[in-house]
Amino acid sequence: MRTSWADSVSNSAAENVTAAATNNGPASSASSRPSRSSYVPPHLRNRPPSAEPLAPTPKENLASTNRSAYPGPPPSQPRWGSREPARPGSGPSRGGWGNRTGGWDRGREREVNPFENDEPAEEAFGEQENTGINFDAYEDIPVETSGDNVPPPVNTFAEIDLGDALNENIRRCKYVKPTPVQRHAIPISLGGRDLMACAQTGSGKTAAFCFPIISGIMKGQYAQRPRGARTVYPLALILSPTRELSCQIHDEAKKFSYQTGVRVVVAYGGAPINQQLRELERGVDILVATPGRLVDLLERARVSLQMVKYLALDEADRMLDMGFEPQIRKIVEQMDMPPRGMRQTMLFSATFPKEIQRLASDFLSNYIFLAVGRVGSSTDLIVQRVEYVLESDKRSHLMDLLHAQRANGTHGKQALTLVFVETKKGADSLEHWLCMNGFPATTIHGDRSQQEREQALRSFKSGTTPILVATDVAARGLDIPHVAHVVNFDLPNDIDDYVHRIGRTGRAGKMGLATAFFNDNNASLARSLSELMQEANQEVPSWLARYAARSSYGGGGGRNRRTGGGRFGGRDFRRDGPSRGGSDYYGGGGGGNSSGMGGGYGPSSGYGGGGYGSGVTSAWD
DNA sequence: TAGACCT
């Protein structure tokens with residue numbers, strides 16, 4: 001019996017090893033298998049023993065390579081279309097749930113039901129929700145679109161023809177209706193348009209780019225993919241900046257593509273490449289990857305991008321920031337990926353600095369810009385506090401916070417607290433100190449092994465170590481439910497990173513608290529932080545306002561000012577030109593405009609009389 | 001700058 005996610009993971013990992021030892025196929029393949037690492041990557045865990053791949057025979061290998069992921073009818077007609085899976089004898093209630101005859105297992109291994117391990121460890125928190133999304137909170141969110149001929153948004157999934165299989169998965173995910181980013185982004189993507197979308201993670205953006213991709217692959221009449229020796233040819237590529245985020249996207253994409261015949265594979269570093277190669281050889285339609293491992297696979301010619309029809313960059317502004325940009329350019333521009341215009345490109349992030357938008361436009365063709373407001377508002381969901389704390393006082397100050405929190409916590413349990421620090425060494429050091437002082441903590445950063453990173457995340461999510469000390473590796477995209485408190489022990493240098501960090505709490509309609517330790521070392525952040533807090537109706541300490549005023553003549557904080565007037569980049573840089581006056585959509589206090597935005601079709605529709613004024617609050621507000 | 005990103 002499953003007691004927790006962590007248990008089920010370790011149990012099934014053990015089962016898999018056992019199964020591999022006892023359930024061998026041909027003796028030859030068993031004896032020739034390389035000794036397997038005890039490390040089972042997350043995307044391969046929780047498989048029933050029967051699904052554990054034994055090394056394919058050379059014949060199988062050839063077959064799987066050639067057919068790639070397609071067992072279906074010949075590509076002369078739409079392979080899936082709206083084909084209703086055969087459901088002999090299935091009742092109306094669960095609609096063929098668990099049915100294996102729906103065209104799925106012809107010559108293939110069973111597809112693991114990605115829904116059966118849902119709701120991991122939720123009981124520990126006494127929560128009921130499954131999706132983590134409070135849809136009622138999504139009603140009144142400002143949305144902006146710009147670009148030529150923006151397709152109108154939809155209000156229900158039923159309005160979009162995503163196909164039966166995908167609709168069934170939407171139902172299984174308990175998605176009742178599309179979130180704002182989905183309402184707008186899905187029609188845009190289904191319309192074949194490139195997209196740059198500003199939307200907070202947790203607002204349903206993974207589904208927003210996955211649904212059109214899966215639907216497109218199902219309906220597409222793609223020519224037979226080339227038969228390279230051991231090269232695979234994915235139709236879609238989804239890139240993200242961290243391994244954990246790629247795993248998370250992969251997990252979600254597996255749910256969305258369940259029983260659609262669309263195969264999703266993830267590739268990332270720090271895990272044995274052989275297992276990933278085997279997964280790829282079994283066929284891949286959608287490849288989710290981190291850049292480094294993908295470059296490796298491309299250079300080994302194990303993956304070719306020449307059939308890519310869909311490219312999605314998650315946390316796109318990070319992906320195009322200095323450290324990543326060369327790798328991304330290599331992947332997108334210097335390998336064999338079809339050029340923009342020949343593929344469909346979707347960029348998503350919660351923040352989109354103007355200069356990054358400019359870089360990103362290299363990858364896009366006549367794109368639509370979409371900015372979606374955050375669920376609720378920062379004011380409602382995240383209380384931001386800034387405290388002046390000298391470097392030498394930070395630890396004891398953190399201790400005070402944690403003590404107070406424990407005292408106030410329910411059942412005397414420590415609420416989940418995510419502590420961001422600047423360096424990997426600093427993370428280890430703080431973790432050690434916390435543990436020594438009676439606070440169960442763990443840490444996640446790039447110097448830890450992948451196993452350690454994943455273990456840390458599990459241990460944090462389950463509440464075993466309710467304090468997680470992290471570098472920015474955990475700042476973006478990770479959906480960790482129940483984080484009550486984000487502490488910026490060391491503030492980042494970039495206000496956008498601050499935005500992403502505090503976005504780890506207050507998720508899914510829940511309240512969150514974000515506390516920052518500020519001192520003279522952070523002076524360059526003072527102005528943007530102060531402005532951000534003001535825009536979010538947070539109380540700005542007078543001392544911080546003084547810091548902000550002082551730094552204002554010093555160039556405005558350099559990089560921190562890059563987002564210009566729209567604090568979170570919720571504005572299309574193409575609209576920046578000679579000053580634009582007029583009213584803006586987000587301010588104005590009326591709110592009457594809030595939900596119908598972007599409903600227009602024509603160029604520049606949705607801009608009303610004047611587009612965004614400066615000082616407009618953003619998509620994130 | 002350190003942080004992320006193949007070995």
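These figures come from a predicted structure and were not determined experimentally. Quick note on labels: first sequence line is chain A, next is B, and so on, each numbered from 1.
Using a 4.0 Å heavy-atom distance criterion, A:G323 is classed as a base contact. Using a 4.0 Å heavy-atom cutoff across all strands shown, A:V295 reaches no nucleic acid atom at all.
Note on A:R300: every side-chain N or O is 4.0 Å or more away from OP1 and OP2 of B:dC6. Under 4.0 angstrom from either OP1 or OP2 of B:dA4 there lies at least one side-chain N or O belonging to A:T471. Remark: A:R453 is in phosphate contact with B:dC5, judged by side-chain N or O atoms under 4.0 Å from OP1 or OP2. Contact annotation: A:R476 does not reach the phosphate of B:dG3 (side-chain N/O to OP1 or OP2, under 4.0 Å).
Contacts between residues 422-433 of chain A and DNA chain B, counted as heavy-atom distances below 4.0 Å, involve A:E422, A:T423, A:K424.
The CG atom of A:L239 sits 13 Å away from the C1' atom of B:dC6 (whole-angstrom rounding). Rounded to a whole Å, the CG atom of A:D494 is 14 Å from the C1' atom of B:dA4. Between the CZ atom of A:R302 and the C1' atom of B:dC6 there is a distance of 15 Å, rounded to whole Å. What separates CZ of A:R243 from P of B:dT7 is a distance of 6 Å, to the nearest Å. Spacing between atom CG of A:D497 and atom P of B:dA2 amounts to 15 Å, rounded to whole angstrom units. Protein atom CD1 of A:I331 is 10 Å distant from nucleotide atom P of B:dC6, rounded to whole Å. Between A:Q276 atom CD and B:dT7 atom P the separation is 9 Å, expressed in whole Å. Summarising the geometry, the separation between CD on A:Q334 and P on B:dC6 is reported as 18 Å, rounded to the nearest angstrom.
Under the 6.0 Å distance and 45° angle rule, A:R501 does not count as a cation-pi partner of A:Y498. Figure legend: cation-pi geometry between A:K394 and A:F489, with NZ or CZ positioned under 6.0 Å from the six-membered ring centre and within 45° of its axis.
Of the listed nucleotides (B:dT1, B:dC5, B:dT7), B:dT1 has the atom at the smallest distance from the side chain of A:N493. Among the nucleotides B:dT1, B:dC6, B:dC5, the one closest to the side chain of A:M322 is B:dT1.
Applying the side-chain hydrogen bond (donor to acceptor under 3.5 Å, both in side chains) criterion to A:Q327, with sequence neighbours excluded, gives no partner residue. A search for side-chain hydrogen bond (donor to acceptor under 3.5 Å, both in side chains) contacts involving A:H250 returns nothing, not counting sequence neighbours.
Between the side chain of A:Q357 and the main chain of A:R571, a donor-acceptor pair closer than 3.5 Å is present.
Ring centroid separation for the pair A:F518 and A:W543 comes in under the 6.0 Å cut-off.
A:P440 approaches A:T464 most closely through the heavy-atom pair CB-O, 4.0 Å.
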